[in-house]
Every structure is written in structure tokens, then in C-alpha cells.
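Report on the following structure.
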There are 2 protein chains.
Amino acid sequence: MSSLTEYDYVEMSRPAKRTPLSRDRVLAATVELADESGIEAVTMRKVAERLGVEAMSLYHHIANKEALLDGIVEGVLQEIEADLGGFTTEMGEAGWKATMRHRILTARQAMLRHRWAPGVIETRTTMTPTLIRYFDTLVGLFKEAGFTYDVAHHAMHALGSRALGFNQELFEPADTTADGQDVDTMMESMASEIPHIVAMLAEVVDHDPESTVGWCDDQTEFEFGLDLLLDGLERMASTP
Amino acid sequence: MSSLTEYDYVEMSRPAKRTPLSRDRVLAATVELADESGIEAVTMRKVAERLGVEAMSLYHHIANKEALLDGIVEGVLQEIEADLGGFTTEMGEAGWKATMRHRILTARQAMLRHRWAPGVIETRTTMTPTLIRYFDTLVGLFKEAGFTYDVAHHAMHALGSRALGFNQELFEPADTTADGQDVDTMMESMASEIPHIVAMLAEVVDHDPESTVGWCDDQTEFEFGLDLLLDGLERMASTP
DNA sequence: ACCTGAACACCGTTCAAGT
DNA sequence: ACCTGAACACCGTTCAAGT
């Protein structure tokens, strides 16, 4: 028994303890946990548990929980880079608008794979290298399209989180109100106070009459908003 | 001493215990605390402390912490309503665009008074009555301007959090990177990888050469993005 | 060098008890 | 009816100790 090499232990699929912990393993376990159980399940103790280790062991590989969150965001951005075959400033023959649209919708796919990412990104106060490089290629694309850096700067602010493929929906996840009644009930009782929302719902909900909530196609709405911005910017370039 | 009425206690400015707790007092104390010390300082224990009471007493007036956060958001929305002299659907003589612009910039003022509000609003999963009524007046304004409810619906999604006067800035609060070095240092070391960001900074930073961070005028950027969207929507109305 | 047990200083929340 | 003390089940993190 004591003559077994480390390799043998792995072969016999002994408890995970045999594979040494590393920053990458910690980050991978955290992403898995967040994907499966949501970001609120990401605690130092639960990440450690998933690795068959005590919580305190994690601190040998990451400084603290903030650094852990920075790390998994960086991972998502690296996925985007891989999906795009690297970050490049050159636009395709399709023109700057189609190229940018494609990049942003690719970023969006990563956000949909990791639904916790937008929320975590918004709480980050530190800039990661991959995020800067991603933004650099967008700025570069604007420049190559003929925009001044000044307008490109405004454009980046105007895009905001849409540049990364998400947009915080204020209306969306609510299916119960603060007092616990469902939204339909509340809508009904407020109908006289909110005539336009009620009428809008009546018109829009037509396609999916089962519920008033979830009547929105997120992808359609995202693209509508993105195109509204990109079209507006295009018009600024062509009318000097 | 024992013959003093409750009123007398108050006059003598005895400890706060004399004034009975109420939902409104709890919410007011929470808003004060968040304004002064940030949202991370809002714990049940600290809110209670500010009221001269034990944490557990709060639970007689609000169900739990989530309800507390719902309550302070509702308060901010009521401030907006008061600032606007009530929510009304009618547009002024200024036309729909100027009217909507004014409402949204008024909402923005409330967000600037309560810097914690955007972050808390984004984590809400429940809809409050005042929020719905606010949105109803925006939808009503679109309708009165000649938009269909279908387009108004897309427009509300396109505005997103900008409808409430804020926009999550992905770039902004970072003045140090994940490894603790400052942004200027990192930018310098990455200069060859991020040529466009560096060049953009060089052009834009001109006005305030002291630092690269904080070179953005939030209000200007917010209005740029808002106008880009409103102008785009206006064009959709006039080109059927 | 890498991992851990015990402990600390916090959380939100429950419950039985006080007035 | 309103408030509280003690306790529970969690957190992130530190430190001294183990291998």
C-alpha cells in the first residue's frame, strides 16, 4: 500500500485528494457550481466541498472570494475569445456593423451559457486584461469604420453592457409581487391605474396567451435594442 | 417621574425607545444608512442599532431583508413621482421626446441622490406598484406619440434601465486591477495589445490630464446614449 | 509546500420568553 | 401588542498546527 505511487492512486480512482489543487481547478469547480446551482450557491465552503477539500485550502490558490469571482469572469471572457477565434480588430467584408453585431451576439451566447455572468460582471470593480482586450477590438472596429475616437468613446458608453451581450431587464424575472400575489392578479387590481400596460399586454401577449409573464422573447428584444444603437451610430458616421 | 406622559418623554428627548417602531421608520432609517455608508452596510443589526432597537424587533414591521430592500426601492420611486408632480400620461407642448427625456432625467436625479438604488433595483425579482405605474406613463407617452403598443414594448426593452435613469457602466469604478496594480500601470504594460484604447484615451483624456480613470462625464454619456435611443425611435415613428 | 481544525467576527432568522 | 435574549445555521477569513 505504501509502495503505491501517486499515479497508482489516481488509476484506482481514489478520492480527489490525490490530484493536487490548483487555481485552474478551483475556478473550474466554481464555474460548474454556479452553472448548476446559481451564483448564490457559490460559497468558499461549497466550492471546497466539490473539490473534496476544506474551505481553507482554497486560500492557497486564490486570495479571497472577490478574486475567485474575478477569475470566473475572466474565464467567461476567454470563452468568448476562443469562440471568436481570437480578438481581432480587422473587420470582415461584411462591414463594421455586421462584424460588431456578430461579435456581440457571440459574447451573448457565453452569457446565456453562464447565466450568472452578467450579475457578477456588474459587481466587479476591477478590470481584467481580457475584458480590456475585448473592448479594444470594439474600439478598433469603430475607428476602422471611420469614427473618431471621441465618438467611439461615446459609443462604448452607449452600448454599455450590451457590448458584452446582455442588458439588464427591469421587468423580467418578476412573477410574484412583493406581497406574494401573482403579477396577473396585481395587474387586474391595478388595471384602472395602468391602462397602457394592460392594453400593451393585450396586444403583445396574443401570441402566447397562457401567461402575461414570459411574454417577451429576450433574444428578439436584445437584437432590437442593439440594432437601434448600431443604426443610430451608423447614421452619425454618414452625416458629418 | 412615573406621572410623565409619553409626550413628555419625547419632549425631554429620552432615548428613541419612546417613539414606537413602524414600517416607515424602519424604511427611513435604512435609506439613511444606505445613503451614508453604502448598501453593504445595510444589515438587519445595523438598521436596528440606528433605531435604538434590537435586530429582531424589525421583523414585527417587515417580513425579512428582501422586503426591506423592496421597501426602500419603492421609496425612491415615490420620490420620483413626487418630483414629477405625480405620474401623468399626457405630454406637454414640448412633444413626446422632450417630455420623456425630462421624466427620465428626473428619475436619474433620484438615482444620483441614492447611489445604491441601481444596484438594488437590479437584484429585485418582485414588481412594485409604483414601478409599474411609472412604466405605464412611459408606455402611454409612446402610444400618444403615435407608436403602436408593439413598438412601445420593444422600446421599453431597448431603454432598459435607462428608463429609470441609470446605465450600468462596465468600465467605470475600476481604478485598480485584479492584481492590485493601478489601471495606468496595467494600460502601459498592455499598450501594444490594446492600441485603440490607448489612442482613444490619449484623445479623450486631453481635457482632464490628471488621470486616465474618471475621464468620463457620466451625465454626458448617459444623455448621449439616451438621445441615441430616443432619436432612433423617433425615426421609426416617422418612417412607416 | 500544501492542507486542515479550531476559532473569530460577522450574517439572516426562529423561538420562547418577557413587558 | 410589541420588544428581546439566546440560539441556530450559515457566511468569509485568520492562525497555528499538522504532513
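Reckoned from all heavy atoms, side chains included, excluding hydrogens, waters and symmetry mates. Letters go in sequence order (proteins before strands), and every chain restarts at 1.
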### Query
Are B/R133 and B/E81 within salt-bridge range, i.e. N to O under 4.0 Å?
yes
### Summary
On DNA chain C, more 5' by nearest nucleotide between B/A41 and A/L58 is A/L58
#### Entry: Side-chain N,O (A/K46) to OP1/OP2 (D/dC10) below 4.0 Å
no
### Query
Rounded to whole angstrom units, what separation is found between the CG atom of B/N64 and the C1' atom of C/dT13?
9 Å
## Note on the structure
Atom CD of B/E54 and atom C1' of C/dT13 are separated, to the nearest Å, by 14 Å
### Task
Give the rounded distance in Å between these two atoms: CD of A/E49 and P of C/dT4.
13 Å
### Residues in ring-ring contact (aromatic ring centres under 6.0 Å, His included) contact with A/F87, at least two apart in sequence or another chain
A/Y134
### Message
What is the separation between atom CE on B/M56 and atom C1' on D/dA7, rounded to the nearest whole Å?
### Response
10 Å
### Task
Can you tell me the distance, in whole Å, between the NE2 atom of A/H60 and the P atom of D/dT19?
15 Å
### Summary
Separation of C/dA7 atom P from A/Y59 atom OH, nearest Å, is 18 Å
### Query
Rounding to a whole Å, what distance do you find between A/L51:CG and C/dC3:P?
10 Å
#### Entry: Beyond-backbone contact of A/V31 with A/L27, side-chain heavy atoms, under 4.5 angstrom
no
### Query
Which whole-number value in Å describes the distance from A/R45 CZ to C/dG5 P?
13 Å
### Query
DNA chain C in dot-bracket, Watson-Crick or G-U pairs under 3.5 Å, [ ] crossing, | other strand?
||.|||||...|||||.||
### Query
Looking only at side-chain N and O atoms, does A/K65 come under 4.0 Å of OP1 or OP2 in D/dC11?
no
### Task
Apply ring-ring contact (aromatic ring centres under 6.0 Å, His included) to A/F224 and list each qualifying residue two or more places apart in sequence or on a separate chain.
B/H154
### Message
For B/E36, is there an ion pair with B/R50 - N to carboxylate O distance below 4.0 angstrom?
### Response
yes
### Message
Pairing donors with acceptors under 3.5 angstrom, does anything connect the side chains of B/T126 and B/D70?
### Response
yes
### Task
Could you work out which one of C/dC11, C/dT4, D/dC11 sits closest to the side chain of A/V53?
C/dT4
### Query
Angle class for the B/W116/B/H114 ring planes (parallel below 30°, perpendicular above 60°, tilted otherwise)?
tilted
### Query
Touch check for B/S57, heavy atoms < 4.0 angstrom, all strands: base, sugar-phosphate only, or nothing?
base
